[in-house]
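Per chain, numbering begins at 1; letters A, B, ... match sequence-line order. None of the values given here were measured: they were computed from a predicted structure.
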Amino acid sequence: MNEAVFTLQPAPPYDFDRTAAYATYYRGTYGAESYTDGVFRRLLDAGDSLCLASVRSVGTVDRPLLQVDITAATLDDTALAGARRQISWILGVEQDLLPFHAMAGEDPTLAPLVTRLHGLHMPQTASVYEALILAIVGQQISSQVAATLRTLLINAYGPSMEVAGQVYRSFPRAKAISAVGIDGLRAVKLSNRKAEYIRDISTAITTGELELEDMHSCDDEEVVRRLVSIRGVGPWTAHWLLIRALGRSDGFPHGDLALCRTLGQLMQSAGPMKPQEALEHSRRWSPYRSYVTTYLFAAIRSRLISTAAKSRP
DNA sequence: GGCCAGGTTCGCT
DNA sequence: AGCGAACATGGC
């Protein structure tokens with residue numbers, strides 16, 4: 001094994017602990033990523049080679065600095081540059097939070113959140129494909145169940161590398177998912193319907209019929225239009241990908257049940273907001289709605305906000 | 001045990 | 001257009 005070290009300077013304020021914890025759903029490990037004892041780990045996939053990135057903070061929220069340790073079978077300058085680019089993207093180090101924090105600080109609903117979650121950046125997925133498959137797996141089911149199914153999928157079909165006696169996995173490649181087929185996906189407890197969606201998308205990518213990774217150059221509307229034309233992808237998934245996969249600042253999955261419930265609760269209305277109400281209400285937060293969404297979900301996941309459904313009579 | 005969960009499609013009016 | 005069922009699984 002070869003090793004290398006480099007540092008990253010995120011745009012301040014950057015709270016590494018909050019960002020890494022959010023990325024792993026405050027669970028220690030989530031999917032292909034882990035965050036334990038202050039170290040965030042992710043096996044990066046360059047297509048033909050794998051390398052493990054281990055990231056820790058060696059700075060502060062206002063003077064952030066990250067140390068990244070790379071471990072791989074073979075390492076050259078190209079691989080190292082690729083690893084730097086990927087891990088920077090995944091941890092959202094280049095995002096500028098200042099305009100969002102300024103806007104949110106003046107908003108009575110958001111002000112308490114940005115105080116409690118100051119410096120949280122939006123983690124992003126290594127690829128559009130990864131975000132898409134993870135989102136489809138999570139459609140309609142609770143985040144608890146989604147966590148189980150995502151982990152099963154990754155552990156079953158993700159490429160792996162062993163470092164110091166520990167096995168790390170990256171997200172499965174489209175080719176591998178296409179090859180295991182419907183049966184292979186059913187085996188990791190996906191419904192037949194979702195198995196079809198995921199297999200079809202993976203096969204289309206493998207044959208070159210579908211290209212996802214070029215969407216970085218499309219504007220938001222075109223991204224949504226292209227995504228919803230894919231079977232299995234509706235508005236929720238498309239808007240979620242603007243945030244998770246493409247790092248856009250103004251995505252807002254207004255059909256999201258938890259989001260509508262939380263907004264209803266924060267606005268002290270009787271029940272959950274309707275999706276249309278949520279969308280209209282959200283316009284005041286444009287063009288920072290991705291951050292609003294991230295902070296709301298961070299508050300839910302870390303239990304700053306209770307998501308308990310309506311209390312029983 | 002039943003009901004619901006960070007949706008979407010499909011088949012009905 | 002709009003509405004309801006089906007979908008698989010785990011937690012409460």
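- Rounding to whole angstrom units, CG of residue A:L257 and P of B:dT8 are separated by 12 Å.
- Checking A:T237 against A:Q139 by side-chain atom types alone, a donor-acceptor pair falls below 3.5 Å.
- Aromatic rings from A:F297 and A:W240 are positioned such that their centres are separated by under 6.0 Å.
- Remark: A:K194 is not in phosphate contact with C:dT9, judged by side-chain N or O atoms under 4.0 Å from OP1 or OP2.
- If you measure from atom CZ of A:R150 to atom C1' of C:dG10, you get 14 Å, rounded to the nearest angstrom.
- Using a 4.0 Å heavy-atom distance criterion, A:S142 is classed as a base contact.
- Between A:K189 atom NZ and C:dA8 atom C1' the separation is 10 Å, expressed in whole Å.
- Note: CG (A:D256) to P (B:dC4) measures 18 Å, nearest angstrom.
- Here the P atom of nucleotide C:dC7 and the CD atom of A:Q140 are 12 Å apart, to the nearest Å.
- Crowding of A:D77 atom CG: a count of heavy atoms from other residues, nucleotides or ligands under 6.0 Å not exceeding 12.
- Mapping A:V228 and A:R301 onto DNA chain B by nearest heavy atom places A:R301 closer to the 5' end of the strand.
- Among the protein residues, A:I141 comes within range of the nucleic acid bases, having at least one heavy atom under 4.0 Å from a base atom.
- With centroids closer than 5.5 Å and planes inclined by less than 30 degrees as the test, A:W236 and the base of B:dG6 fail to qualify as a stacked pair.
- A salt bridge links A:R173 with A:D45; the closest basic N to acidic carboxylate O contact falls under 4.0 Å.
- Among the heavy atoms of the strands lying under 4.0 Å from A:P235 are primed sugar atoms or P, OP1, OP2 only; no base atom is included.
- Proximity of A:S191 to the phosphate of C:dT9: no side-chain N or O atom is located under 4.0 Å from OP1 or OP2.
- Nearest to the side-chain atoms of A:R231 among the listed nucleotides B:dG6, B:dG7, B:dT9 stands B:dT9.
- Put simply, CG on A:L149 is 14 Å from C1' on B:dG7, counting in whole angstrom units.
- If you find the closest nucleotide of DNA chain B to A:G232 and to A:W240, the one lying nearer the 5' end belongs to A:W240.
- The phosphate of C:dA8 has neither OP1 nor OP2 within less than 4.0 Å of any side-chain N or O from A:R193.
- Residue contacts shown for A:R244 are absent, as no nucleic acid heavy atom lies under 4.0 Å away.
- Atom P of C:dG2 sits at a distance of 26 Å from the matching atom of B:dG6, rounded to the whole Å.
- Looking at A:R56 and A:D69, a side-chain N of the basic residue comes within less than 4.0 Å of a carboxylate O on the acidic one, giving a salt bridge.
- Aromatic rings from A:F16 and A:Y35 are positioned such that their centres are separated by under 6.0 Å.
- Atom CG of A:D200 is separated from atom C1' of B:dT9 by 13 Å (rounded to the nearest Å).
- Between B:dT8 and C:dG10, the distance separating the two P atoms is 22 Å to the nearest Å.
- Across B:dT8, C:dT9, C:dG11, the shortest atom-to-atom separation from the side chain of A:Q139 is found for B:dT8.
- One can place CG of A:N192 at 18 Å from P of B:dT8, the figure rounded to the nearest angstrom.
- Contact annotation: A:T148 side-chain N/O to C:dG10 OP1/OP2 distance is not under 4.0 Å.
- For A:S143, whose side chain is taken as the heavy atoms from C-beta onward, the closest listed nucleotide among B:dG6, C:dT9, C:dA8 is B:dG6.
- Among the heavy atoms of the strands, none lies under 4.0 Å from A:I243.
- The gap from the C1' atom of C:dA5 to that of B:dC4 amounts to 15 Å, rounded to the nearest Å.
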